[in-house]
Q: 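Okay, here's the structure, questions in a sec.
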2 protein chains.
Amino acid sequence: MVSIVSVAKVAGVSNKTVSRVINGEPYVTEETRERVEKAIRDLGYVPNMAARLIRSSRSNTFGIITDYVSTTPYSVDIVRGVQDWANANGKTILMANTGGASEREAEIWKMFQSHRIDGVLYVTMFHRIVDPETGDVSIPTVMINCTPQTNELLPSIVPDDYQGAQDLTRYLLDRGHRKIGYIRLNPILLGAQLRLDAFRKTAGDFGLAESDLSIRLGMEGPVGAEKNYVYAVATEMLQQKDRPTAIMSGNDEMTIQIYIAAMALGLRIPEDVSIVGFDDFRTVSLALKPQLTTAALPYYDLGREGAELLNSVVAGSKAPPSSRVVPCKLVERTSVCSL
Amino acid sequence: MVSIVSVAKVAGVSNKTVSRVINGEPYVTEETRERVEKAIRDLGYVPNMAARLIRSSRSNTFGIITDYVSTTPYSVDIVRGVQDWANANGKTILMANTGGASEREAEIWKMFQSHRIDGVLYVTMFHRIVDPETGDVSIPTVMINCTPQTNELLPSIVPDDYQGAQDLTRYLLDRGHRKIGYIRLNPILLGAQLRLDAFRKTAGDFGLAESDLSIRLGMEGPVGAEKNYVYAVATEMLQQKDRPTAIMSGNDEMTIQIYIAAMALGLRIPEDVSIVGFDDFRTVSLALKPQLTTAALPYYDLGREGAELLNSVVAGSKAPPSSRVVPCKLVERTSVCSL
DNA sequence: GAAAAATATGTCGACGTTGTCATGCGTCTG
DNA sequence: CAGACGCATGACAACGTCGACATATTTTTC
């Protein structure tokens, strides 16, 4: 492999001078610089990060540790956000996922440490409460899409599920809906509770009675093996004689079943029932006809800002580890009508 | 940072002996080994991969370079397959994605080289033909889900779209369907052509005339900004007086619109129309009612086997760079009825 | 025009690890 | 009991890079 030494030999300078050119340090004649750069090009020299790291003990690398990248195609955008930031800032990304197994988690932290990474982004694929199992490895960490259980005060950055659901509820109320059904997400997920709370509170503040709200559980059970009642629940809800004029769904994926249930009963969307989702999972929200009005989870921004935040932590900013909350934008499409 | 030297000091041995213990080399007394292991535990020592790398010039790291991890939640399973393999075999994964920009691609190859990674997995999110822009960086490479344009003879590993579509078509024919509609995937994707070819050939071999087949384009245009005709095309197809008894869809995502189109026309699935998809994109195929019969893209296996293959290439196996094809398994659910 | 300052380049060692070779000691062989 | 062998350990150099410091050359300053 071609090293700094071979470049130096070809350019007829010392290796230190080559190092200076590579790192853009001052005190190199234009002429020398050009000769060195030519040698670098000719030889196809690429600096060796590993050597740089043992010298300077800064790896310029972040690690991402995730639970279920895969079983859930939802939140890949978080990873993309991180990668784009990394790319723009000359950082490298090391990736690992636990598949939910906590014994693997400790291994991964060890692996990260063996690469002397500068910081860790701890990403969960659903908004939830967790406890990183670092196995006494301590590396600057930012949590994305999750908050720590014990108050170990790791900074975290999460979507504002509450505000998103609030906006969606108001949106329906503003359009005259007074009987609203709600099909709940798996209660395991933190977002589920926040969204439901916002729905209840907003509807209540507006003056709706609890009896105007038809709240039902759509899913439950462990992530990846949950029981799904959505179709049955939606069918039942829509067969009530005093049926809701709008249904709010725990997430977009569940709306597929709500759409089908409604259509099977001969109801038109949105004329007979309005439907809103949550997440803006575009594979679904754009494929449905009419297209789905929903609240977009700011996954990409979560990733980007998380990386940014981690960077400032690594750089030693003493900002108290706080929980940042990123708003969910309401995306208006055509699945809701005004009454 | 605690290094091998500090461990040696505490254990009262030379650093080489510590190295021997770490690497499980022979010729260390049981007693010495224990003393060293204790010191390692006490100090929380973790070997420094970077140092190991400059010594041995083997990084035990693979890079993954992808085009659109993100915009498409489809193929994250490939990445999961790779990661699981890596985890089981003590390799580390460096990730980068181009977002489709080829100027970024060259940068990424350079970055990979600067980390002296052992090999690259070049992954595309759709089965297609590409040309890696390595920018004269040469690292052992395996292509996953894509095949090289120029015959540079990089080994590749791809799903068997042809066989999958063949199985699906036979499945319909076996159940008595003789008028079959086909809504095509974006022709940009290699899989689109293969799937269509298999459909045509299999139906033809069975004795169906071209007039029994109703083949229509469902999508076209650049990835991420395609035009989508599926709903309109499906509606039209199902309104023909001699309408097909079954529709085969380019992929699962498109079936959402086919379902809705059918239901809007008052048709029941599968009694009035049978529908099959492709991919087994479970967010969709399991959410639909009735659940979708489809062919599963072997993404996880693609990742796993791709990593395996790369490993053997890196190890210097002289196996001629061939294209391996992994079968798509038919997943039978309830969206098809027998006539 | 001599001293001081600025610029340009080089020498050397250190980072943490492992490969090579050397050494010391006990045991076996004939 | 001498030589050969096997085992356990250590000394030292080298990998590629860069920081600290030294030296050489040019420019500025009074």
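Proteins come first, then strands; the chains are lettered A, B, ... in the order of their sequence lines, and each starts at number 1. This structure is a prediction, so every number in the text was calculated from the model and none was measured.
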Q: So what does A:Pro47 touch, heavy atoms closer than 4.0 Å: a base, only the sugar-phosphate, or nothing?
A: sugar-phosphate
Q: Looking at D:dG10, C:dT17, C:dG19, which one has an atom nearest to any side-chain atom of B:Glu25?
A: C:dG19
Q: For the side chain of A:Asn89 and the backbone of A:Lys91, is there at least one donor-acceptor N/O pair under 3.5 Å apart?
A: no
Q: Side-chain N or O of A:Tyr27 versus OP1/OP2 of D:dA24: is the shortest distance under 4.0 Å?
A: no
Q: Spell out, as yes or no, whether a donor-acceptor pair under 3.5 Å connects the side chain of B:Ser312 to the backbone of B:Leu310.
A: no
Q: When you measure only distances, ignoring hydrogens and angles, does the side chain of A:Arg20 come within 3.5 Å of the base of C:dG10 through a donor and an acceptor?
A: yes
Q: Below 4.0 angstrom from OP1 or OP2 of C:dC15, is there any side-chain N or O of B:Ser3?
A: no
Q: Need to verify one output field. Residue with the more 5' nearest nucleotide on DNA chain D, B:Ser56 or B:Glu30?
A: B:Glu30
Q: Select one nucleotide: of C:dG16, D:dA8, C:dT18, the one nearest the side-chain heavy atoms of B:Ser19.
A: C:dT18
Q: Students often get this wrong, so: under 4.0 angstrom with heavy atoms, is B:Thr32 touching a base, only sugar-phosphate, or nothing?
A: sugar-phosphate
Q: What's the CG-C1' distance between A:Leu53 and C:dT17, to the nearest Å?
A: 13 Å
Q: A:Lys16 side chain: which of D:dA20, C:dC15, C:dG16 is closest?
A: D:dA20
Q: Between D:dT9, C:dG19, D:dT17, which nucleotide has the shortest distance from any of its atoms to the side chain of B:Thr17?
A: D:dT9
Q: Assess whether a salt bridge exists between A:Arg41 and A:Glu37, defined as any Lys/Arg side-chain N lying under 4.0 Å from an Asp/Glu carboxylate O.
A: no
Q: Is any NZ, NE, NH1 or NH2 atom of the basic residue among A:Arg304 and A:Asp301 found under 4.0 Å from an Asp or Glu carboxylate oxygen of the other?
A: no
Q: Consider the side chain of B:Ala51, meaning its heavy atoms from C-beta on, and name the nucleotide among D:dT17, D:dG10, C:dT17 that approaches it most closely.
A: C:dT17
Q: Could you say whether B:Val5 or A:Val28 is positioned toward the 5' end of DNA chain C, judged by the nucleotide with the nearest heavy atom to each?
A: A:Val28
Q: Less than 4.0 angstrom between a side-chain N/O of A:Thr29 and OP1 or OP2 of C:dT9, yes or no?
A: yes
Q: Mark yes or no for a side-chain to base donor-acceptor pair under 3.5 Å between B:Arg55 and C:dT18, with no hydrogen or angle criteria applied.
A: yes
Q: Would you mind checking if B:Asp160 and B:Arg324 are paired as a salt bridge, meaning a charged N to carboxylate O distance below 4.0 Å?
A: no
Q: Please state whether the phosphate of D:dC18, meaning OP1 or OP2, lies under 4.0 angstrom from any side-chain nitrogen or oxygen of A:Asn23.
A: yes
